[in-house]
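All of these numbers come straight from a predicted model, not from anything done at the bench.
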Amino acid sequence: MKMPKYKILGIILLALGFSILIVVAYYNNPRSHIPLVFSEKSLLQNVWTNYKTNYIESTSGRTFDKNSNNVTTSEGESYTMLRAVWMDDKATFDQSLNFSKNNLKRPSDSLFSWLYGQRSDKSYGVLTSQGGQNTASDADADIALALIFASHRWNDASYLSLAKTMINDIWKEDVVIVQGKPYMGADNFEHAAKGTAVLNPSYFSPASYRIFSTIDKTHDWMALVSDSYQVLRDSASSTLDKNQSAGLPPDWVLINTSSGKLTASSAGNLNTDYGYDAFRIPWRLALDWQWFHATEAKQTLDTFSFLSREWNANHLLHSSYSHDGSVTGQIEAPAMYGGSIGYFMVSDDKNAKDVYTNKLLFLYDQDTSAWKEPLSYYDDNWAWFGIALYNNLLPNLAAIQ
Amino acid sequence: MKTNNLYILGMLVLVVGFLLPFFSDAKTPKTRSVLADVHRANLQAPIPAAGTSTYGGDVYQQIRNRKDRTAATSTVVTDIASVSTTTATALSATSTATTTVIAASTTTAVAGTAGQSTPGTIVAQQIRSYKNLTSDLINRFFPSSNYAPVGFSRPVTIGLSIFSLLSIVAGGILLSGYFGISFASIKKNIVSLIAS
């Protein structure tokens, strides 16, 4: 009678030991925390639905940023419109467009004020005390692109009509001419700036400009494409305000309106980091590569090889890097991966899948059809854009007749 | 006698292995969650641009909010400090620096009504300093809630691994005893195998 007891105990201990070993090995493997996503389209749809619940006011269609006193930016509306048109969500697109037209449209042109929110007297409106009535050229260009896409997607010429007016005004208000060459300024101030004009290279959208060139023949949009690439390459290779350059493009840079020379700004908020602005550059250039096979896009992205070295060394990217490559933001940010995935897709396909799987797909929970942890407005947008880009789900809708 | 010892050994292994995982883990989900909340709250207050004029009431409110968050952070810090002396030392330095900045902020900032103008540059710099300190604190221990380490913590992994390995060994010994296999017979078989 004694022996069977020990036999049973022995078997139980063996089974228990092996089971625990297997569980520990499985649970500790990062791969086990990556969702088994069978349809990236469903993932994008689910996350988009959640985004609408979390960041778009259902009654007004206003996109707001919970982490910044619930303000609304023209950038936020542009992201909503782009996502909506790619997701074939006309109702949301129209809501966002109507909100923007009714609340953000500037009285003097067809462009949009960049900042809206609650004023000190508790009323809501454009925050003129913070320069909110000015434009943000990336938002204007993205909204114009979304309108062109909408006209093709839903076969409605009224979208195209508004886009044409906007494109004309973008050139008039946002583009800076230096030595006869056009550059996209950061806002509507720069085209009249004396001495230096502020540029944000992440606002450059060569793929959009190529599309604008087919609609607006009165302005040289293709020159803006090549001059944008020139600034991207020069600002990345120049040391700017550091002793050396890591080869990454900066968040902000100044252009001398007489000589065209690029310099760093002394203003603390216009830094030369590769950070929360600049990471959008690889994404925008990857679109130019996907849609138009632009060799300039690949050649420029190839120069951002610092990102490969960083990934190979640490298997992560920090949220921001100084222009010389030192780390200025210790944390990891989903938005950084969502934008930088464009570089890996075009210039380092060996690591692209790892970055996508471990840093973007990782964020999703298949069981709840949502992000595992809530993402900020900005992270949500850029994680979505990155995942969609990687899966070739951001088509050039203007090319579809 | 031999089997009784094995039985006791097996039970000991079970008890020790079961208890091991409970003896550590400073980064409990609750602590991480609280710190993540503090981090999120920290991101909410905007920093006025240096040199710009700001509204006294708003800025005072921001500082007061940050003071509240510091209290929340301190509570968490105390929790963590009770777990690890090393952690406590590191946090103490940060905490002291934070307290200094907040003290300076509250001394400089005067409670005003909304609309009252205050020197924005000084207050903005203080808020920025505090924001950086809080970020440093969070980032030092919890790099990102979105990319928190996966799997069991290191002590739990070690504890479970030891437990499972000992279970396998104990189970193997018990079973080998049941089938009449002894270490001597195993040795004898190996020796004869080599000899043949």
Side-chain angles (χ1 to χ4, degrees), chain A residues 2-34 66-71 120-122 129-131 267-269 316 318-319 329-334 337 358-359 362-363 371-376 379 383, chain B residues 3 6-7 10-11 13-14 17 36 39-55 57-58 114-115 128 135-136 138-140 142-152 154 156-158 160-161 163-179:
Chain A
K2 261 187 173 181
M3 294 306 282
K5 277 185 184 174
Y6 289 118
K7 180 189 175 188
I8 291 167
L9 183 62
I11 290 170
I12 290 173
L13 285 174
L14 276 177
L16 190 68
F18 279 118
S19 301
I20 292 172
L21 268 188
I22 291 167
V23 167
V24 170
Y26 174 78
Y27 193 68
N28 280 11
N29 187 339
R31 291 263 163 193
S32 69
H33 295 265
I34 293 165
K66 288 179 181 172
N67 290 339
S68 299
N69 292 337
N70 295 327
V71 297
S120 55
D121 64 0
K122 305 299 177 191
S129 61
Q130 297 175 50
N269 58 335
L316 61 81
H318 293 284
S319 61
Q330 287 291 341
I331 62 168
E332 289 180 86
Y337 294 113
N358 295 312
K359 300 299 179 181
F362 174 85
L363 299 167
W371 302 124
K372 284 177 190 161
E373 295 278 336
L375 297 188
S376 70
D379 279 331
Chain B
T3 50
L6 281 173
Y7 182 76
M11 288 300 107
V13 165
L14 279 172
H39 185 45
R40 268 192 283 275
N42 181 47
L43 294 174
Q44 283 176 0
I47 296 175
T52 58
S53 179
T54 55
Y55 292 105
D58 289 349
R128 187 178 288 115
S135 292
D136 287 349
I138 303 300
N139 295 337
R140 187 180 301 178
F142 305 98
S144 166
S145 57
N146 294 121
Y147 297 106
V150 297
F152 298 111
R154 193 183 171 93
V156 173
T157 301
I158 293 170
L160 285 174
S161 301
F163 173 57
S164 60
L165 288 172
L166 289 179
S167 294
I168 291 166
V169 171
I173 291 169
L174 285 174
L175 278 182
S176 65
Y178 173 74
F179 288 113

Measure across [X] and [Y] and return the closest heavy-atom pair with its distance rounded to 0.1 Å.
| X | Y | result |
| --- | --- | --- |
| A:Asn28 | B:Gly151 | OD1-CA, 3.4 Å |
| A:Gly17 | B:Ser167 | CA-CB, 3.9 Å |
| B:Ala170 | A:Leu13 | CB-CD1, 3.8 Å |

For the pair A:Phe362 and B:Tyr147, name the ring-plane relationship: parallel under 30°, tilted 30 to 60°, perpendicular over 60°.
-> parallel

Please flag which part of [X] lies under 4.5 Å from any non-hydrogen atom of chain B: side chain, backbone, both or neither.
| X | answer |
| --- | --- |
| A:Ile12 | neither |
| A:Phe18 | both |
| A:Leu363 | side chain |

Sort B:Ile168 into side chain, backbone, both or neither according to what part of it lies under 4.5 angstrom from a heavy atom of chain A.
->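 For B:Ile168, heavy atoms of backbone and side chain both lie under 4.5 Å from chain A.
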
Please assess A:Leu21 against B:Leu165 for the test side chain to side chain contact (heavy atoms under 4.5 Å, CB included), listing each intermediate value before the final yes or no.
-> CA-CA 8 Å; A:Leu21 268 188; B:Leu165 288 172; 4.1 Å; yes

Please examine the side chains of A:Trp371 and B:Asn146, heavy atoms only from C-beta on, and report whether any two atoms are closer than 4.5 Å.
->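 They are not in contact (no side-chain heavy atoms under 4.5 Å apart), so the answer is no.
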
